[in-house]
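See below for the structure under consideration.
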Amino acid sequence: MGYSSAKPSLNNCSEPEQVVRLRAQLLEWYGRMGRDLPWRRTRDPYAIWISEIMLQQTQVKTVLPYYQRWLAALPTVAALAAAELEAVLKLWEGLGYYTRARNLHKAAQVIVKEHGGVFPETAQQLQQALPGIGRSTAGAIASSAFGRCEAILDANARRVLGRLFAVGDPPARAEAKLWEISQRLVDPQAPHNFNQALMDLGATVCTARSPLCLLCPWQVDCLGRRSGDPTHFPVRPARAVRSEIAGVSVAIECQGKFLLVRRPERGLLAGLWEFPFVESVGGGEPEETVRVAFGNRLESLERLGQVEHEFTHRHLTAQVLRAQWIAAPAALPKVFDCREHTWQPPECWLKFPMPGYVHKICKLLKEALPKVSVD
DNA sequence: AAGTCGGGGTG
DNA sequence: CACCCAGACTT
């Protein structure tokens with residue numbers, strides 16, 4: 001024991017001096033300035049997994065309330081596996097990228113049924129076995145929950161490391177370099193803290209717009225800062241143009257209940273509920289669009305206004321109409337008949353997982369129908 | 001390699 | 001308003 005410990009650790013002695021210094025500087029900074037976040041107070045792989053999925057393309061501040069509420073409702077992987085998909089989507093409602101919630105549900109069932117309820121412990125196994133876990137999330141879980149020396153490359157790590165080494169390659173080529181750098185730097189003695197520190201540095205100091213280089217533990221080594229403008233690195237991919245979706249949402253009433261339909265299992269807002277939405281035909285009036293879709297099943301069409309909603313790559317404009325249903329209850333147009341649907345009074349709407357733009361419509365309806373409460 | 005997929009924070 | 005965010009998956 002004394003003999004082997006007298007020998008310097010292989011890692012520390014074989015690593016370049018700069019790597020050893022960068023690790024020490026970052027970890028020292030993390031000890032002083034690191035954020036106190038709830039998923040850092042546990043090593044439960046389930047809780048860490050949930051946090052990592054929620055944090056995909058989503059900022060910490062947004063995630064915090066969702067994380068707390070989720071763990072209170074579904075505290076274990078077994079509870080998640082046994083839950084209804086509807087309940088899972090309801091917990092996720094408003095967080096966006098709903099495929100993440102569907103994959104969490106699927107993956108929980110894989111863990112219970114095919115892995116005896118036990119989490120895979122290596123990054124490779126995590127990524128291969130479980131839907132929704134890519135390379136970076138696998139690295140984050142493996143290092144945070146199981147202490148494995150695995151790299152991450154999220155938006156923070158990409159920006160911090162891209163600046164530190166002034167990686168100016170086109171995005172596709174830079175990716176491989178950045179993974180190499182991340183794997184070379186991650187501290188085998190403290191992979192959890194190192195990766196968390198890397199993300200904190202990106203989130204609080206090495207920010208996208210105006211980095212606070214004078215507070216950075218890596219300011220001396222940073223080639224991006226030395227170059228004059230660290231924000232030139234790394235080069236970001238071009239942004240897709242935003243397309244327009246224009247249509248009509250119809251609040252169809254029948255004996256005090258309104259028709260809700262479930263969106264398809266794939267694509268935009270998959271599996272969430274909405275009032276029947278019909279894309280506009282021609283440049284015509286909303287009444288014409290509704291007539292084409294519903295034929296003579298409706299009467300008393302009434303314009304209630306319109307809602308707009310911004311997605312990352314879509315702009316939605318929905319005219320909102322109210323109408324009375326005068327056909328037989330089961331006589332839905334084919335496009336809606338093939339979907340799951342239900343008639344619900346306003347006080348029951350919020351039991352269903354619905355996207356943001358539908359919440360705006362509910363508010364509009366509440367104002368138009370003051371005698372009924374949407375709460 | 002390029003598109004798709006939400007909603008909110010921030011300068 | 002434009003840009004960005006603890007990315008993964010499909011085509």
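Just so it is clear: chains get the letters A, B, ... in the order the sequence lines come, proteins before strands, and each one is counted from 1. All values reported here derive from a predicted model rather than from experimental measurement.
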* Would you jot down, in residue-number order, the residues of residues 230-249 of chain A having a non-hydrogen atom under 4.0 Å from DNA chain C? =>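 DNA chain C contact set from residues 230-249 of chain A: A/Arg236, A/Arg239.
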* Asked: Between the main-chain N or O of A/Cys213 and the side-chain N or O of A/Arg225, is there a donor-acceptor pair closer than 3.5 Å?
  -> no
* Do you know which of A/Val358, A/Leu365, A/Ile361 makes side-chain contact (heavy atoms from CB on, under 4.5 Å) with A/Trp349? -> A/Leu365
* To do: Examine the side chains of A/Gln196 and A/Arg40 and answer whether a donor and an acceptor come within less than 3.5 Å of each other.
  => yes
* Asked: Can you find an N or O donor on one side and an acceptor on the other, under 3.5 Å apart, linking the side chain of A/Arg35 with the base of C/dA6?
  -> yes
* State whether the distance check finds a donor on one side and an acceptor on the other, under 3.5 Å, for side chain A/Thr58 versus base B/dG7. => no
* To do: Heavy atoms only: give me the nearest A/Met354-A/Cys362 pair and the separation to one decimal.
  => CE-SG, 3.9 Å
* Distance-minimising heavy-atom pair for A/Trp273 and A/Pro355 -> O-CD, 3.3 Å
* **P-based separation of C/dA6 from B/dC5 [nearest Å]** => 23 Å
* Separation between the P atoms of B/dG8 and C/dA8, rounded to whole Å ->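 One P to the other, the span is 22 Å.
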Mind listing the N/O atom pairs, protein and nucleotides 8-11 of chain B, below 3.5 Å?
unit_1	atom_1	unit_2	atom_2	d
B/dG9	O4'	A/Gln59	OE1	3.1

* Asked: How about A/Phe311 and A/His313: are their ring centroids closer than 6.0 Å?
  ->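 When the ring centroids of A/Phe311 and A/His313 are compared, they turn out to be at least 6.0 Å apart.
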Detail all sub-3.5 Å separations between protein N/O atoms and N/O atoms belonging to nucleotides 9-11 of chain C.
unit_1	atom_1	unit_2	atom_2	d
C/dC9	OP1	A/Gly132	N	2.4

